[in-house]
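One structure is given below, encoded as structure tokens.
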Amino acid sequence: QVQLVESGGGLVQPGGSLRLSCVASGSIFSINAMGWYRQAPGKQRELVATITSGGTTNYADSIQGRFTISGDLLNNAVYLQMNRLKPEDTAVYFCNAELVTGGADWYFSSTWGQGTQVTVSS
């Protein structure tokens, strides 16, 4: 069993900042990549940013230059620094980990956290 726990969401005014954190725990052999996705009401879940174990990052066009992803994948953690937040950034933000888990038999798994609400409003 692997669990991802997100923290750091909340209510912020437009132009403000928030920092999201996500830590994975459980039977983890290795993590290949971690990332953040978000889902606004009535919309599909979308990619925000990802980072690989080699440090390669990928960002959605809508948040380029405003958000920064960082990670300590050896310690099963990923962070998202969000600056210059806009009302359209309002969503539930989900952490994802692409990892190898198991015990007697190891296998690849894509695991999701429960999500943390980010609301940008004046």
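The structure displayed is predicted, hence computed values, not measured ones.
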Among V12, L18, L11, side-chain contact (heavy atoms from CB on, under 4.5 Å) partner for V120: V12

Is there a donor in the side chain of S121 and an acceptor in the side chain of T119, or the other way round, less than 3.5 Å apart? no

Using side chain to side chain donor-acceptor pair (under 3.5 Å) as the criterion, list what pairs up with N76, not counting sequence neighbours. none

Kindly check if the number of other-residue, nucleotide or ligand heavy atoms within 6.0 Å of CD (E88) is above 12? yes

In sequence, state the C-alpha distance, the side-chain angles, and the governing distance for Q81 and I69, and then conclude on side-chain contact (heavy atoms from CB on, under 4.5 Å). CA-CA 6 Å; Q81 178 66 43; I69 190 169; over 6 Å; no

Could you walk me through whether Q117 and Y93 pass the side-chain contact (heavy atoms from CB on, under 4.5 Å) check? CA-CA 6 Å; Q117 177 70 46; Y93 284 69; over 6 Å; no

Without swapping roles, check the side chain of N96 against the backbone of S110 for a donor-acceptor pair under 3.5 Å. no

Tell me the ring-ring contact (aromatic ring centres under 6.0 Å, His included) pairs involving residues 16-39, sequence neighbours left out? F29-W106, Y37-W112

Any chance you could measure N32, atom CG, to S53, atom OG, to the nearest 0.5 Å? 6.0 Å

Can you tell me if D89 uses its side chain to pair, donor with acceptor, with the backbone of K86 under 3.5 Å? yes

With a 4.5 Å cut-off on side-chain heavy atoms, are T101 and Y107 touching? yes

Validation row: L20, V118 side chains within 4.5 angstrom (heavy atoms): yes

Nearest 0.5 angstrom please: Q114 CD to Q3 CD, how far? 8.5 Å

Rounded to the nearest 0.5 Å, how far apart are CD1 of I28 and CG of L73? 10.0 Å

Are the side chains of V78 and C95 in touch, meaning some heavy atoms are under 4.5 Å apart? yes

Which residues pass the side-chain contact (heavy atoms from CB on, under 4.5 Å) test with S122, sequence neighbours left out? P14

With sequence neighbours excluded, residues passing salt bridge (charged side-chain N to carboxylate O under 4.0 Å, His left out) with R45: none

Any side-chain heavy atom of V48 within less than 4.5 Å of one from F67? yes

Closest heavy-atom pair, M34 versus C22, reported as atoms and distance to 0.1 Å, is CE-SG, 4.1 Å

Applying side-chain contact (heavy atoms from CB on, under 4.5 Å) to S70 and not counting sequence neighbours gives Y79

Would you please test T56 and I51 for side-chain contact (heavy atoms from CB on, under 4.5 Å) and show each step? CA-CA 5 Å; T56 301; I51 185 167; over 6 Å; no

Rounded distance (nearest 0.5 Å) linking atom CZ of R19 with atom OG1 of T68: 10.5 Å

I would like to know whether E98 and T52 meet side-chain contact (heavy atoms from CB on, under 4.5 Å); could you show each step before the answer? CA-CA 9 Å; E98 302 288 334; T52 69; over 6 Å; no

In Å, rounded to the nearest 0.5 Å, how long is the span from CD of Q44 to CZ of R38? 14.0 Å

CD/Q64 to CG/N58 distance, rounded to the nearest 0.5 angstrom? 8.0 Å

Considering residues at least two apart in sequence or located in another chain, which fulfil the side chain to side chain donor-acceptor pair (under 3.5 Å) criterion with S27? none

Group every Ile, Leu, Val, Met, Phe, Trp and Tyr by side-chain heavy-atom contacts under 4.5 Å, then state whether L85 and F94 land in the same group. no

Is L80 linked to V23 within one hydrophobic cluster, defined over Ile, Leu, Val, Met, Phe, Trp and Tyr using a side-chain heavy-atom separation of less than 4.5 Å? no

